[in-house]
There are 2 protein chains.
Amino acid sequence: MARRSDHSREEIHEMALSAAEKIVREQGYGGLSARKVAGAIGYTVGTLYLVFDNLDDLILQVNSRTLDRLHAQMLQEQSAHAPARERLLQLGHSYIRFANEDPHRWGMIFEHRFPPEQETPAWFRVKVERMFALVEARLEPLAGEHSANEIAQAARALWSGVHGICILAITDRLDIAGVSSVQQLTQFLMDNFLDGFISGCN
Amino acid sequence: MARRSDHSREEIHEMALSAAEKIVREQGYGGLSARKVAGAIGYTVGTLYLVFDNLDDLILQVNSRTLDRLHAQMLQEQSAHAPARERLLQLGHSYIRFANEDPHRWGMIFEHRFPPEQETPAWFRVKVERMFALVEARLEPLAGEHSANEIAQAARALWSGVHGICILAITDRLDIAGVSSVQQLTQFLMDNFLDGFISGCN
DNA sequence: TAAAGTAACTGAACATCGTTCATAATTCAA
DNA sequence: TTGAATTATGAACGATGTTCAGTTACTTTA
């Protein structure tokens with residue numbers, strides 16, 4: 001048996017999350033199991049339940065970290081002095097690149113369902129909002145006469161679109177292959193949408 | 001024991017699919033199990049495996065029928081003599097209404113993953129293509145100078161966008177409630193995209 | 001009518017899953 | 001040194017998908 005001072009609670013917690021991330025990256029959501037995680041960190045199942053409420057809890061925390069990494073990468077890959085429209089496109093490309101580099105971990109954010117009628121945790125909503133905010137911020141300087149409400153709508157519509165392309169492409173529902181095609185399609189969507197939204201040539 | 005002439009293979013096949021659809025509608029993808037389906041039609045698990053290769057096979061066939069119903073509904077709800085742009089919007093609204101009326105059955109199309117590295121069945125691709133074709137057909141009269149390839153791209157970009165809104169809304173990732181809000185957001189996306197795509201005010 | 005043959009169906013068995021909890025092992029305090 | 005507190009274990013439970021030897025029901029043959 002591992003000695004009780006080998007690892008603190010916090011260390012086990014961290015080790016389990018890392019191990020889970022590795023398993024998901026390599027084997028996907030379906031390949032994740034409590035016993036696998038426990039085995040990977042040299043403990044048994046029981047120990048996992050001292051540190052997490054249950055598997056859902058563990059998955060939720062993995063997803064939380066994935067959302068954090070995604071947000072960080074989207075921020076980091078922004079070129080600070082580029083025009084807003086270009087930065088908007090960069091956000092889309094970052095998103096797609098992230099999803100493509102680790103499709104299983106990205107996918108688990110959307111594959112995992114919260115237990116029946118236990119509503120989405122507040123912090124999860126916050127992290128999603130945070131992403132929309134990123135889009136809104138780039139949209140604002142382009143929006144001209146549009147109201148704040150319209151900008152919020154535009155961010156959600158546009159970003160759902162990017163997400164839609166991404167998820168259909170990755171789960172092989174679109175008939176396109178390769179990151180560049182996906183990014184091309186995304187650019188196509190964004191270009192036309194922004195042309196319509198900005199100039200309002202109506 | 002059920003007598004061997006009680007039901008033909010085909011009847012059992014049909015009964016199982018119907019029972020599975022009911023279970024999925026009421027309890028979602030996660031609530032589906034071989035024993036539940038078998039129990040619901042008055043047979044045991046073993047019998048199910050005389051009629052289906054495995055659960056994946058059964059799920060795939062349920063999804064196939066869902067795609068058929070979706071396609072039929074989208075076709076049926078088109079008003080034949082409306083302008084192309086309006087019919088395009090109708091397609092979007094049909095899609096959202098369908099997803100909203102039976103979210104679990106619609107959702108299973110996208111939740112279910114094909115077993116590792118067994119690629120998407122050809123007939124599945126066909127049924128997805130069939131849907132894009134519907135969009136392309138409405139897009140064509142609006143497309144002006146755009147090439148066939150650009151129309152195909154537009155259909156995929158636009159429809160991925162509609163799907164993205166739909167899936168994020170239904171899985172509670174957008175902060176909007178109710179069908180009408182979702183349809184409003186979809187209209188917003190389509191309007192701006194089409195403004196950009198059609199007039200090409202560039 | 002009796003026996004043999006065939007098709008239909010069963011359900012116990014296997015490995016794996018999430019989850020629990022009495023028990024054992026280890027450390028700490030007195 | 002001893003007793004209390006902490007920490008980890010792993011067997012157990014009820015699910016899951018899947019298989020397949022065995023039983024039952026029906027059909028054909030003699």
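Throughout, a chain's letter reflects where its sequence line sits, starting with A, and its residues are numbered from 1.
Using cut-offs of 30° and 60° for the angle between ring planes, the W159(B) and Y95(B) rings count as perpendicular. In this structure, H163(A) and W106(A) have tilted ring planes: the angle between them lies in the 30° to 60° band.
Atom OH in Y43(A) sits roughly 7 Å away from atom P in dT9(D) (whole-Å rounding). In this entry the distance linking CG of L50(A) with P of dA25(C) reads 18 Å, nearest Å. The interatomic distance linking R113(B) (CZ) with dG17(D) (P) rounds to 18 Å, in whole Å. Across the protein-nucleic acid pair, Y49(B) atom OH and dA13(C) atom C1' stand 14 Å apart, rounded to whole Å. When rounded to the nearest whole Å, the span between CD of E11(A) and C1' of dA8(D) equals 16 Å. Atom-to-atom, CD1 of I23(A) to P of dG18(C) comes out at 10 Å; the value is rounded to the nearest Å. Between the P atom of dT10(C) and the NE2 atom of H7(B) lies a distance of 10 Å, rounded to the nearest Å. Taking atom CG of residue N54(B) and atom P of nucleotide dA15(C), one finds them 20 Å apart after rounding to whole Å.
The residue among T47(B) and D56(A) whose nearest nucleotide of DNA chain C is located toward the 5' end is T47(B). The nearest heavy atom of DNA chain C to R9(B) and to D53(A) marks one nucleotide each, and the one closer to the 5' end goes with R9(B).
Of the N and O atoms on the side chains of E77(A) and S94(A), at least one donor lies less than 3.5 Å from an acceptor on the other residue. Checking R138(A) against Q90(A) by side-chain atom types alone, no donor-acceptor pair falls below 3.5 Å. There is a side-chain donor-acceptor pair under 3.5 Å between Q61(B) and D57(B).
Comparing the start and finish of the helix from dT1(C)-dA30(D) to dA30(C)-dT1(D), five pairs each, the helix axis swings through 30°, to the nearest 10 degrees.
Rounding to the nearest 0.5 angstrom, the gap separating the CZ atom in F197(A) from the CG atom in N192(A) is 15.0 Å. The CG atom of L174(A) sits 10.5 Å away from the OG atom of S181(A) when rounded to the nearest 0.5 Å.
A cation-pi arrangement, defined by a distance under 6.0 Å to the six-membered ring centre and an angle within 45 degrees of its axis, is absent between R69(B) and F98(B).
Remark: R35(A) in residues 32-40 of chain A come within less than 4.0 Å of DNA chain D through at least one heavy atom.
Note on L48(B): nothing from the nucleic acid sits closer than 4.0 angstrom, heavy atoms only.
Salt bridge annotation for E14(A)-R9(A): absent, with no cationic side-chain nitrogen under 4.0 angstrom from a carboxylate oxygen.
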